[in-house]
Structure formats: structure tokens, C-alpha cells
Amino acid sequence: MSRVLSEQEQLRRKALADLREKGIEPYPAAMFHVDTMAKDVKQNYNDEQKNFSEVVMAGRLMSRRIMGKAAFAELQDASGKIQIYINRDEICKGEDKSLYNDVFKKHLDIGDIIGIKGNAFKTQVGETSINVKELTVLTKSLKPLPIVKTDKEGKAHDAFTDPEQRYRRRYVDLIVNPQVKETFIKRTKVINSMRQFFNERGYLEVETPILQPIPGGAAARPFITHHNALNTELYLRVANELYLKRLIVGGFDGVYEFAKDFRNEGMDRTHNPEFTVLEIYVAYKDYNWMMDFTEQMLEKVAKDVVGKTNVEFQGKEINFKAPFARVPILEAIKNHTGVEVSGMNESELRETCKKLGLEVDETMGKAKLIDELFGELCEKHYVQPTFIIDYPVEMSPLCKKHRDNPELTERFELMINGKEVANAYTELNDPIDQLERFQEQLKLSEKGDDEAMFIDLDFVRALEYGMPPTSGMGIGIDRLVMFLTNNTSIQEVLFFPQMRPERKAVELSEAEKAILEILKREKSMELNTLKEQSGLSNKQWDKGIKGLTKHSLVKVNKSDEGLKVDLL
RNA sequence: GACUUGUUAGCUCAGCUGGCAGAGCACAUCCCUUUUAAGGAUGGGGUCCUGGGUUCGAACCCCAGACAAGUCACCA
């Protein structure tokens, strides 16, 4: 790959070579025994119990202030930054001052990783620092980092903020933006907190297939892939629901999975093609139990992650203290539109939507129309965590019919700040009903609904063996983390959000490609032979070979035997 | 998928009505032994996203494209 190095990159490569020339390996193999972290020293410097008179630390150089024979620098380890003080005569006890004058001052740069040994002290200005006695080069950094400085008021100067660069080079983002690291630590805490909640209750964490012959469990467009040995189409899962329920059939009382799901749909600030969902299924429970369970879990998660149940989100306060309000969806529609829609047939519903100014079309069934009414006109009102319950039966093909009303299902969605965060059912376990519901979906798909579910006959067969009454719940982890970290974009809570691939830097001309083709076979050739074989005109040859040399893909070497072209 | 905005030095950004490509930080050289975004002096660094067009002349105007962000549509 050909690349043009900036001046600073060239200087760093020179410094790398200079280190090796001095007998210092810039990428040493030996382990470096760190015994102290920056945060510990900064927080506990005054603690008599702690002895910081000889500490060994390692990290990345984040800034340098060199003043002749002494210098201050900042060292950043996994716990944060600490100032270090480097005095020439402290690190170079003898006559040879090159470790300070050359290695530290000339060959080291911001971004390099070093190890130090020294003692903690406070400077005259009162900054806790490490007085360095020994310095070890651990890794030379060849690319300059963005320089972010923070002033006394905590205001960042020249921050690394371009979202594209931050997502494409998340490693750089993590180095220079400490608050980004915080977000991801919280993400892991969310998952750990939930896992602990489930394990304490004896539920089993399981793994189910990502490659599925039938992508079931949700209304969504799947990714398709191909298995060579089986010579068959496989789909990346859109949900793990149907597999987890098979495990309930198999006799587990409670199973859960933190699952990556994949949906081949649009991307925006709340949708990434792959995302994480927690799904849990518990036997002998119903959706009422699951609501209690969910609100208790979320209260615990908020406490574990944020330290309290009141969470600040975009200037609003969201309270995760249980219990949450429970509102039937038809009542929500009545409350916010004044229209009583229960008992309406499809055409009455369509008329109602039109009257209320919603765009509807003929492919939309009852379920979609009600979903439209709720989604457009009601959803946004539920800022505090609220369970919306009892959805119409057509909207929920995997959910048991309501015990008091066959038009409805025992389903809830948890709304937070007007967004759906969790979805749960009293699971449908009547195999005959289930098959009929799948067949309804098939009709919808024939009508043009490209998100209608596939029929999974093996799942129906599993239900025929008998699944105990079960309640299941799914929760979007990414969205929950967004709420708990006060982020409005899903990309901020994914380490590596999906991006369009970066374009290849080098586009070769036809002449260049032709020459390169021949040279790739031979590796090294006499110039005139190569020119003849290429069959190019003098002018095209000249342009081609010059272009390739410029891209540093080939090199023309002159020797006594004549001109040779080498592949680089 | 539609619309809007953006893309200039390693980073953050100016660049007026089309007239020599700019600043701060970073970098280099020299001086400086407890500094705090931050010592002083001097200096180097550019595919102005790409390709066309208009023009005596384009970072700037026009057309097409790439990439990103925001809004909307769809979805979780």
C-alpha cells in the first residue's frame, strides 16, 4: 500500500531509527511490571498508609513542557492522567546525559508509551506529580495525536470532535476524549448489572444461533448469507425469541441471552445494522409479573450505573424508580386523540387516521393503523418510563390473546422519552393458534408487507410438545445505554458503529495497472524487457512507470548492469 | 431513500464581492532546573474531498460524484 507520509510522520520514523541506533528497542518484548495507577496517586497522595515513594507506572505521553534541563509531561494510563517531572541529572546520574538530551527531548513524542520509576511529590504550584528516576521506552508512536487541552474552567481547546473521524478511529477518540471511555465503561456496567439481577434469580445465560435458516421472532428485513458446504441460504438473526422459547419447551425455567441482532434496514442516530438486545423468558409467569420484574431490574441498573434513580437526559429528568405507570394502548389513543377506537373495524380505523391527518394506505391492516395512531400521536407524551399494554392481536403474532378480550394481547412495551425500549408478552404457547397467526402473517406479506414474519414450522412443532405458560421480554441495550449516558446517538454507545468503508486512496490508470500486472509475476525485471512486455507506447509507458514510482509501488534502480525495476 | 449542511496544515478552525493559502495548538532549531490551556525567539508544513465547466484568473461561482452529520421516511 502506498502512502504519503506527513512531515511529522517522517520525523517520528526518523526518531524510531535514532532510538534503534542508540541501542534502544522502541518495541521491546519484555513485560513491564506496573505497580501503581495514576488515579490512585492523585486521589491518595496524602494517605499515610499508601507509600508512593517508589512507584512504577506506564502510559502514554500526552503533553510535554520542556524547560532546558528539566521538563514536565503528562502520562496517561488506563485510570487517567498524572503529571511527571523529568530532571536531566535525576535520570542521567553519570556523565552521559543522552537519555535526557537525546532520547527524551528529541526521540520521544506526544503519544509514545513509556514506563517510569520514581516517587510522588507535590510541585510548588501544588500539583501531584511523579519525579522520574528511570525512564523506559515501551512503544514508539508513529502518528501524531490530536492535541486536546483543557483549561482551568474545564473547557476543552481544539477538541477532537469530528464524528466521522471519531467513529472511524475510535482508538484515537478513546485516547483523547476521556468522557467517551466513561460511556463505554457504563455500557459494560449496564450489562453486568442486568446479568447479576438474572443470575441471582437462578436464570440461565445461554447462546443461540446467529445463522438461522428462518429468521423469526421479529418483523424485520434480514441479512442473507450463503453457506457453501450446505449450499443453502442462511439469515443473520433478527431476534432470538423463537430459539429461547424452544429452550423453555426443553425444560429450563428461565433463560436469557445478550444477543447481537442484525437488521437490513436504514441507519440513523438510533439504528445500527447490528445492535444488542437482551431477551429473557421465564416459565410459569405472565406479563404482569414481567412488568414488576422489568421495573425492578431497571431501578437496580440505574442505581448501579448512575448511582441514583433520577437520570438526567437532554435537560429532562427521567425517573427509573419503580413502579412505572401502566396504560392500555387504546386508552392512550383515547387520551391523546379523544377517539374511542376499540371495536372499530379496519375501514373505520382508516377513516379515523385520515381525519387525524395521518398518511395511510390500503396495505395497512388494523394493527398497523393502530400502531400508526399510537406512534404518531401518543408515543411522544410518555417521557417517564411507562408500560403501554394490551396491544391488538394483529400486531403481535407471538403473543397470547388477552385473558379478558380476544381482540387484544397480553403485551407491553416500555416507553421512555417517547421511545420504545422494551417489549414483552405473555407468550403464545397454543400451537394451533400460533400456526394460524403465522398464516395471517403470510397473508400480510402477500398483501405487500415486506416485514411480515416467516412461518417457522419447527417452532410450531416445539410448541406441540408443550411450552409451559411463559412470559418473555426483550430490551434494547443500546437505547437503554443511551438514556443512562445522556447520548442522543447510537453511534456514541457503540465502539465501532457501521460506516461506509473508506475509499481506496490510490486509483491506478490503465497503463499503471498493465505494468503492475507483469511486474507482480516477476517481482523484479530489467526495465527494457518490462517495457516491451507491457506493449505500451513510449508516452504511455513513461506516464505509467512515473505514476507507479510516485505511488511508491515500484522502484527503478540503476546499477552497472543497467536499469532494473523492482516491486515494492 | 428524500432534503439541508459540511469537507481548507497532524488537530481545531478563519478565509470578505472570484485576485499571492491564513491563525492557534502540534512540529523543527536555539535559549531556559518545580511549570499549569500558556516561557521566549525563529522557522518548516497544503491533492483547499474528487472530476468536469464558467472565467484573464476558482478554496470561493455552476454541474456531477464521494464521504459525513442533521432532519424526515422506515425500524428497535
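Here is the naming used below: chain letters follow the sequence lines, and residue numbers restart at 1 for every chain. Only heavy atoms go into these numbers, but all of them, side chains included; no hydrogens, no water, no symmetry mates. Because the structure is a prediction, the values reported are computed rather than measured.
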For each nucleotide in nucleotides 31-39 of chain B, reading 5' to 3', give B when a protein heavy atom comes within less than 4.0 Å of its base, S when such contact involves only the sugar-phosphate, and - otherwise.
-BBBBBBS-
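If you check distances only, the side chain of Glu420(A) never reaches the base of A76(B) with a donor-acceptor pair under 3.5 Å.
The separation of U17(B) from C11(B), taken at their C1' atoms, amounts to 31 Å, rounded to a whole angstrom. Using C1' as the reference atom, C60(B) and U54(B) are 13 Å apart when rounded to the nearest Å. Here the separation of G19(B) from C72(B), taken at their C1' atoms, is 42 Å to the nearest Å.
U12(B) is paired with A23(B) under the Watson-Crick or G-U wobble criterion, all donor-acceptor distances under 3.5 Å. U47(B): no Watson-Crick or G-U partner with both key distances under 3.5 Å is found in any strand. Under the Watson-Crick or G-U wobble criterion, with both distances below 3.5 Å, G18(B) has no partner in any strand shown. Under the Watson-Crick or G-U wobble criterion, with both distances below 3.5 Å, U71(B) is paired with A2(B). G57(B) is unpaired under the Watson-Crick or G-U wobble criterion, no partner having all donor-acceptor distances under 3.5 Å.
In terms of phosphate contacts, Arg479(A) brings no side-chain nitrogen or oxygen within less than 4.0 Å of OP1 or OP2 of A76(B). A sub-4.0 Å separation between OP1 or OP2 of U71(B) and a side-chain N or O of Arg269(A) is present.
Under the side-chain hydrogen bond (donor to acceptor under 3.5 Å, both in side chains) criterion, Lys97(A) pairs with Asp89(A), not counting sequence neighbours.
Note: His381(A) and Phe374(A) fail the aromatic proximity criterion, with ring centroids not under 6.0 Å apart. For Phe52(A) and Tyr45(A), the ring centers sit 6.0 Å or farther from each other.
One atom, CD of Glu164(A), and another, C1' of U7(B), lie 9 Å apart when rounded to the nearest Å. As a whole-Å value, the separation of Glu492(A) CD from A68(B) C1' is 14 Å. Across the protein-nucleic acid pair, Glu74(A) atom CD and C25(B) atom C1' stand 14 Å apart, rounded to whole Å. Here C11(B) presents its C1' atom at 12 Å from CG of Asn177(A), a figure rounded to the nearest Å. Here G1(B) presents its P atom at 12 Å from CG of Asn264(A), a figure rounded to the nearest Å. For the pair Glu7(A) CD and G10(B) C1', the computed distance is 10 Å after rounding to whole Å. Computed from coordinates, the Arg168(A) CZ to A68(B) P distance equals 5 Å when rounded to whole Å. The NE2 atom of His107(A) sits 16 Å away from the C1' atom of C27(B) (whole-angstrom rounding).
Gln491(A) comes within 4.0 angstrom of sugar-phosphate atoms only, judged by non-hydrogen atoms across all strands, and of no base. Nucleic acid contact for Asp268(A): base, since at least one base atom lies under 4.0 Å from a heavy atom of the residue. Ala159(A) comes within contact range of the sugar-phosphate backbone alone, with a heavy-atom separation under 4.0 Å but no base atom that close. Residue contacts shown for Asn272(A) include a base, since a base heavy atom lies under 4.0 Å away. Nucleic acid contact for Phe275(A): base, since at least one base atom lies under 4.0 Å from a heavy atom of the residue.
Residue pairs that meet the ring-ring contact (aromatic ring centres under 6.0 Å, His included) test with at least one member in residues 91-113 of chain A, sequence neighbours left out, are Tyr100(A)-Phe104(A).
Arg411(A) forms a cation-pi arrangement with Tyr391(A), by the criterion of a distance under 6.0 Å to the ring centre and an angle within 45° of the ring axis.
Checking C13(B), C11(B), A76(B) against the side-chain heavy atoms of Glu265(A) singles out A76(B) as nearest. Candidate nucleotides C27(B), C11(B), A68(B) were compared by shortest atom distance to the side chain of Arg500(A), and A68(B) ranks first.
Each of Met499(A) and Glu274(A) lies near RNA chain B, and the nucleotide nearest Met499(A) is the one positioned closer to the 5' end.
With contacts defined as side-chain heavy-atom distances shorter than 4.5 Å, the pair Gln384(A)/Ile318(A) qualifies.
Classification of the Phe454(A)-Tyr235(A) ring pair by plane angle, with boundaries at 30° and 60°, yields perpendicular. Taking the six-membered ring where tryptophan is involved, the planes of Phe262(A) and Phe223(A) are perpendicular, since the angle between them exceeds 60° and thus also 30°.
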